[in-house]
Amino acid sequence: MTHDHNHEHDKASPKDPRPRARALQSLLVEKGLLSTDAVDTAISAYEEDIGPLNGAQVVASAWEDPAFKQRLLEDANEALKKFDFDVGIQHIEVVENTEDVHNTVVCTLCSCYPWSLLGLPPTWYKSPEYRSRMVREPRAVLSEFGVDLDKDTAVKVWDSSSEIRYMVLPRRPSGTGGMSEEELADIVSRDAMIGVTRVTPPGADEETTDEVVQTDD
């Protein structure tokens, strides 16, 4: 893994699963079991209508409403019923980043991921390199994503599975106290909800992203 995470992690590599996925798709289309229109519709829905907008809305609401945040951390599936989207039958758990703890998510066996909240998973999330290294040397991997943690900050790596899908509630950055929930949702990235980046407010540099807005909870 290299430092340029907006680009390098999305590039194909010899271990990239995309060629296999495309080959499988071509085979299904050739046999008449799948239409290209159906594939395009599904991809468009996850890219434009579902994620990561749904997850960003959840984060913004938790930042603004301490009572909702508490419910979200205690029982995410129940708390998520306040939104008009459906997370299906998957069990969701939300883990909160704090001053003392940084959470990040991986799926060591395959690529289990909360699609209904975050949309399509990034290619690097499915790569064997990320899946193996994140559990062995999370600080090094996070540093490559641009997140250098203090030695006193604990790192928790959560292994998603078919039974449990994790989402990170990132820390709210400073300078966002007067922003609406819609504006807050706009600054929450998919990668921050996987726990490999921080949330950066508009116009801020990386050095300010560890500062957080004080809330009443």
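Each residue takes its place number in the sequence, starting with 1. All values below come from the heavy atoms of this structure, side chains included, with hydrogens, waters and symmetry mates left out.
- Going from atom OG1 of Thr153 over to atom NE2 of His102 covers 9.5 Å, rounded to the nearest 0.5 Å.
- Met193 and Val101 fall into different hydrophobic clusters, where Ile, Leu, Val, Met, Phe, Trp and Tyr residues are linked whenever their side-chain heavy atoms come under 4.5 Å apart, directly or through other members.
- Between Pro114 and Val87, every side-chain heavy-atom pair lies at or beyond the 4.5 Å cut-off.
- Between the side chain of Ser143 and the main chain of Ala140, no donor-acceptor pair closer than 3.5 Å is present.
- To the nearest 0.5 Å, the span separating CG on Asn54 from CG on Asp84 amounts to 8.0 Å.
- The closest side-chain heavy-atom distance from Tyr166 to Cys112 is not below 4.5 Å.
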Side-chain donor-acceptor pairs of residues 75-83 under 3.5 Å, sequence neighbours excluded:
residue: Asp75; atom: OD1; partner: Glu78; partner atom: N; Å: 3.2
residue: Asn77; atom: OD1; partner: Ile92; partner atom: N; Å: 2.8
residue: Asn77; atom: ND2; partner: Gln90; partner atom: O; Å: 3.0
residue: Glu78; atom: OE1; partner: Lys81; partner atom: NZ; Å: 3.0
residue: Lys82; atom: NZ; partner: Ser61; partner atom: OG; Å: 3.0

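- For the pair Ile194 and Tyr113, the tightest heavy-atom approach, listed with the atom from each and the gap, is CD1-CE1, 3.8 Å.
- Scanning both residues, Asp152 and Asp150, for their nearest heavy atoms gives N-OD1, 2.8 Å.
- Closest approach of Pro138 and Met134 over heavy atoms only: CB-O, 3.2 Å.
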As a quick check of understanding, evaluate side-chain contact (heavy atoms from CB on, under 4.5 Å) for Val59 and Met167, giving each step before the final call. CA-CA 10 Å; Val59 170; Met167 187 187 92; 4.0 Å; yes
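- Summarising the geometry, atom CG belonging to Asp159 is positioned 6.0 Å from atom CG belonging to Leu109; distances are rounded to the nearest 0.5 Å.
- No side-chain donor-acceptor contact under 3.5 Å links Thr176 to the backbone of Met179.
- Counting heavy atoms from C-beta on, the side chains of Val196 and Leu142 come closer than 4.5 Å.
- The cluster map of Ile, Leu, Val, Met, Phe, Trp and Tyr, joined by side-chain heavy atoms under 4.5 Å apart, puts Val135 and Val95 in the same cluster.
- The distance from atom CZ of Arg131 to atom OG of Ser160, rounded to the nearest 0.5 Å, is 12.0 Å.
- With contacts defined as side-chain heavy-atom distances shorter than 4.5 Å, the pair Leu73/Lys69 qualifies.
- Looking at heavy atoms from C-beta onward, Leu184 lies in side-chain contact with Arg172 at the 4.5 angstrom threshold.
- Clustering ILVMFWY residues whenever any of their side-chain heavy atoms sit less than 4.5 angstrom apart, transitively, puts Val105 in the very cluster that holds Ile164.
- A salt bridge does not link Lys156 with Glu96: every distance from a Lys NZ or Arg NE/NH1/NH2 to an Asp or Glu carboxylate oxygen is 4.0 Å or more.
- Pairing each heavy atom of Phe68 with each of Val58, the nearest pair is CE2-O, 3.7 Å.
- Using a 4.5 Å cut-off on side-chain heavy atoms (C-beta onward), Trp158 and Thr104 make no contact.
- Here the straight-line distance linking atom SG of Cys110 with atom OH of Tyr125 works out to 8.5 Å at 0.5 Å rounding.
- Residues Glu99 and Arg171 form a side-chain contact, since some pair of their non-hydrogen atoms from C-beta on lies under 4.5 Å apart.
- Summarising the geometry, atom CD1 belonging to Ile89 is positioned 11.0 Å from atom OG belonging to Ser116; distances are rounded to the nearest 0.5 Å.
- Between Ala185 and Ala56, the shortest heavy-atom contact is O-CB, 3.3 Å.
- Nearest heavy atom pair, residue Pro201 against residue Ser174, reads CG-O, 3.5 Å.
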